[in-house]
Amino acid sequence: MKRRDFSLGCGAVLAASALVLPTAQAQTTVPAQVQGKKPEPGTDYLKLDKPAAVEAPAGKIEVVEFFWYSCSHCSAFEPTFDAWSKRVPKDVVVRRVPVAFRDDFAPQQRLFYALEAMGLVDQLHRKVFAAIHGEKQSLATGDAIVDWVAKQGVDKAKFLEHFKSFSVSTKTGRATQLQNAYKVEGVPALGVGGRFYTDGSLAKSMGRSLEVVEFLIGQVRSGR
């Protein structure tokens, strides 16, 4: 979903994430016209004017996936990205960053970081997507999120403590700063090494975006 689409009313956007991205963003297959082509700067990816902050330790290459739980394309991309993230080389560190193009995105940012703090991302991350896009549940507010998490068997009081914590607030602020540093224009999107940015529109499909990311990992590794 492109940033410009978020100018619509909150209810319309959060209700069903029905806004459609350009075809390239939604595709998971690689278009025939770009198969086998070397990624080109300015066409398939962008190099940041100013490096973005990274959390990966020295000697590691960070790959960031920017997402929004209420984005249907993020939901569709998640299984592919999850499988890819499990087979990256040992010098690559993958992390997910929830975006906030508007203030009303903040509850879902908090949801992710509260799950992370409790060690529940592996257990519930994909279930959040399924609840929103498969079961058509509205998880746009703090109350709705807390109630849903409690129904998953999570201690409600402990989750609420993390959800409202200073630590989670700090992480949401850093997430928004990172999103802006990468100049994220839509989700899902990918950042590499604090230096490069790509998404489905640039790469011509979300499937090819991972090929572009692998190329960019090589660029970072070689010091280019």
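All values below come from the heavy atoms of this structure, side chains included, with hydrogens, waters and symmetry mates left out. It should be emphasised that the depicted structure is a prediction, and the values quoted were computed from it without experimental measurement.
Ile145 and Val121 fall within a single hydrophobic cluster, where Ile, Leu, Val, Met, Phe, Trp and Tyr side chains are chained together by heavy-atom contacts under 4.5 Å. Under the 4.5 Å side-chain contact rule for hydrophobic residues, Val146 and Val154 share a cluster. The hydrophobic cluster containing Ile61 does not contain Val54, counting ILVMFWY residues as joined when their side-chain heavy atoms lie under 4.5 angstrom apart, directly or transitively.
Using modelled atom types, one side-chain atom of Glu62 and one backbone atom of Glu55 make a donor-acceptor pair closer than 3.5 Å. Thr43 places no side-chain N or O within donor-acceptor distance of the main-chain N or O of Pro39, the cut-off being under 3.5 Å. Not one N or O on the side chain of Tyr45 forms a donor-acceptor pair closer than 3.5 Å with the backbone of Phe215. Put simply, the side chain of Gln152 gets close to the backbone of Trp148: a donor and an acceptor are under 3.5 Å apart. A distance-only check finds a donor-acceptor pair linking the side chain of His133 to the backbone of Tyr69 [under 3.5 Å]. The main-chain N or O of Leu202 is found under 3.5 Å from a side-chain atom of Lys204 such that the two form a donor-acceptor pair. Formation of a donor-acceptor pair under 3.5 Å by the Gln109 side chain with backbone atoms of Pro98 is found in this model.
With respect to the salt-bridge test (charged N to carboxylate O, under 4.0 angstrom), the residues Arg95 and Glu65 do not qualify. Remark: Asp82 engages Arg96 in a salt bridge, criterion side-chain N to carboxylate O under 4.0 Å. We find that Asp44 and Lys37 are not joined by a salt bridge, their nearest charged nitrogen and carboxylate oxygen being 4.0 Å or further apart.
The aromatic rings of His125 and Phe129 sit perpendicular, their planes meeting at an angle over 60°, well past the 30° parallel limit. Between Phe105 and Phe101, the two ring planes are tilted [angle within 30° to 60°].
Interatomic distance, CD of Glu135 versus NZ of Lys127, reported as 10.0 Å (0.5 Å rounding). To the nearest 0.5 angstrom, Gln177 atom CD is 9.5 Å from Thr172 atom OG1.
Checking Asn180 against Tyr182 by side-chain atom types alone, no donor-acceptor pair falls below 3.5 Å. Side chains of Ser75 and Arg126: no donor on one and acceptor on the other come within 3.5 Å.
A side-chain contact (heavy atoms from CB on, under 4.5 Å) with Val64 is found for exactly one of Leu178, Leu190, Val93, namely Leu178.
The two atoms that bring Leu139 and Ala144 nearest to each other are CD2-O, 3.8 Å, heavy atoms only. A pairwise comparison of heavy atoms in Leu48 and Gly194 identifies CD1-O, 3.5 Å as the closest pair.
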Worked check of ring pair (Phe, Tyr, Trp, His ring centres under 6.0 Å) between Tyr113 and Phe163: CA-CA 8 Å; Tyr113 286 119; Phe163 188 78; over 10 Å; no

- prompt: Does the pair Val213 and Val63 meet the rule for a side chain to side chain contact (heavy atoms under 4.5 Å, CB included), with working shown?
  reply: CA-CA 8 Å; Val213 165; Val63 174; 4.1 Å; yes

- prompt: Is there a side chain to side chain donor-acceptor pair (under 3.5 Å) between Trp84 and Glu214 once you walk through the steps?
  reply: CA-CA 10 Å; Trp84 179 85; Glu214 290 173 355; 2.8 Å; yes

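Contact check for Asp147 versus Lys156: side-chain heavy atoms found under the 4.5 Å cut-off.
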